[in-house]
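Numbered from 1 within each chain, the chains take letters A, B, ... in sequence-line order. For clarity, every value in this text was computed on a predicted model and none was experimentally measured.
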There are 2 protein chains.
Amino acid sequence: MARTIGSNGARTAEAIRQAGVTLIYRHGYEAMSLRQLAAEVGLQSGSLYKYFDNKQSLLFDIVREHMADLLAKAEADLAGIDDPMARLKAFSAFHLRYHMQRMAHVFIANMEIRSLDDDHRAMVVGLRRRYENLLEDTLRAGAQAGVFRIAEPKVATYAIISMLTGICMWYRPGGRLSQDQLVDIYTGLVVDGVTGPQGLTAAAERHRALA
Amino acid sequence: MARTIGSNGARTAEAIRQAGVTLIYRHGYEAMSLRQLAAEVGLQSGSLYKYFDNKQSLLFDIVREHMADLLAKAEADLAGIDDPMARLKAFSAFHLRYHMQRMAHVFIANMEIRSLDDDHRAMVVGLRRRYENLLEDTLRAGAQAGVFRIAEPKVATYAIISMLTGICMWYRPGGRLSQDQLVDIYTGLVVDGVTGPQGLTAAAERHRALA
DNA sequence: TCAGGAAACAATCAAGCGTTCTTTTTTATT
DNA sequence: AATAAAAAAGAACGCTTGATTGTTTCCTGA
């Protein structure tokens, strides 16, 4: 046999992509063999090369597409929100929801960066930097307005993102807490962490009074 | 040639362990070949089997020893500290310092858990759970005393540990900020996050008044 | 001093890897 | 109905991998 009945290029390409995400998530990129991937899709390993140039480019496609999607959706979600506190909450909520819904993609993008060769890695890191800047800029703006008290916006950015991203280390759908509840809890931790023990500072009170 | 001059079993074993940590940190467990490891130590690949049963047990040894060390040192550090706030700060400081000093070990223990087979993984996860409980118990005690305002101690535990552990994703020795400064910044975020916007609650005030 | 154990080499194995190439079958176009 | 293009099979490739074995050399303690 050769071409199987009902076969379709676009459908197969999507199946390969999905199976790739699942297998890399479960076993890691290095540990996933192309024969394993092919079997998952119902193909011979050689046939995969109609859909990507090599194993590396499959990983890159998956990671880059995910990062681009994450960045685009975040920018769309924050568009039009100017108030730093509102932006912070929106970012936190978006990040959490996205990570709960696409755990496998997120996990791969975070874990397998080192498996990318230099050029590809640089591209992905660039996208990640742009994403982080969405938060960092918000933190700086809030600090300047006196709404946040943050000694080191860069450090706070890394800290917050690490905390939020950590949710996909343990979250499982159907658990005791709903996604909404988790968003509330995490966002509360974030907001309290950046507003400090006294809540709004004097500068923020002034800023408020003017508004 | 066979046995090289000045060779010593204990020294070689330690060299293998160290090289293993370095290579797994850099390339990942699956991507590290035993020939690569042997070359790093100055051995033939076959000689490695005098020091471990197989590749898997090398990884397990590294991870388990790290987790046991982390847990023991943390327990020692917190021993004698009863006040929840003091314990929280001590835990945070310990965790950060440990992670800044042994980034490679930490990274491996977090990333390569999935490369362990089921029994080994279960053992490591058990140790991790015990470590997490150090923090969770502290959070619960503090919440009960009214010093912390925490809706979900379990979630807060995961969130805090993720945030703190995240430091080894970007920290590099010799950077702009010293370890002490970073400990201050991160611990501040943690403390503010668990005390809430109003600082101490009414219950905490009562608790304080009694002391 | 000289045996016995420790340490390492050297060669080898089967299995699996990513990849390429050719062939066959199905689908779409005219 | 004829033909071209698309989709996949299947065989083969050179290599590397983790693992094993037998042998040689060195070290050390009685």
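The CZ atom of A:Arg11 sits 13 Å away from the C1' atom of D:dA6 (whole-angstrom rounding). Atom OH in A:Tyr49 sits about 21 Å away from atom P in D:dA6, given to the nearest Å. Regarding B:Leu48, its CG atom lies at a distance of 13 Å from the P atom of D:dT17, rounded to whole Å. Regarding A:Gln44, its CD atom lies at a distance of 17 Å from the P atom of C:dT23, rounded to whole Å.
Using a 4.0 Å cut-off between charged side-chain N and carboxylate O, B:Arg121 and B:Asp118 make a salt bridge.
Counting only residues at least two apart or on different chains, the ring pair (Phe, Tyr, Trp, His ring centres under 6.0 Å) pairs with a member in residues 15-37 of chain B are B:Tyr25-B:Phe107. Residue pairs meeting the ring pair (Phe, Tyr, Trp, His ring centres under 6.0 Å) criterion with at least one member in residues 70-93 of chain A, sequence neighbours excluded: A:Phe91-A:His95, A:Phe91-A:Tyr131.
Using modelled atom types, one finds a donor on one side chain and an acceptor on the other under 3.5 Å when comparing B:Asp69 with B:Tyr98. Side chain to side chain, A:Ser47 and A:Gln44 fail the donor-acceptor criterion of an N or O pair below 3.5 Å.
Residue B:Ser47 has a polar side-chain atom (N or O) positioned under 4.0 Å from OP1 or OP2 of C:dC9. For B:Thr12 and C:dA8, the shortest distance from a side-chain N or O to OP1 or OP2 is below 4.0 Å.
Taking every heavy atom of residues 28-40 of chain B and every atom of DNA chain D, pairs under 4.0 Å involve B:Met32, B:Ser33, B:Leu34, B:Arg35, by number. Sorted by residue number, the members of residues 50-64 of chain A with any non-hydrogen atom under 4.0 Å from DNA chain D read A:Lys50, A:Tyr51.
Each of A:Gly46 and B:Ser45 has a nearest nucleotide on DNA chain C; the 5'-most of these lies closest to B:Ser45.
Legend: residues meeting ring-ring contact (aromatic ring centres under 6.0 Å, His included) with B:His105, ordered by chain and number and at least two apart, are absent. For A:Asp180, the side chain to side chain donor-acceptor pair (under 3.5 Å) criterion is met by A:Arg97, not counting sequence neighbours.
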Check step by step if salt bridge (Lys or Arg N to Asp or Glu O under 4.0 Å) holds for A:Glu132 and A:Lys154. CA-CA 9 Å; A:Glu132 291 165 351; A:Lys154 195 138 222 121; over 6 Å; no
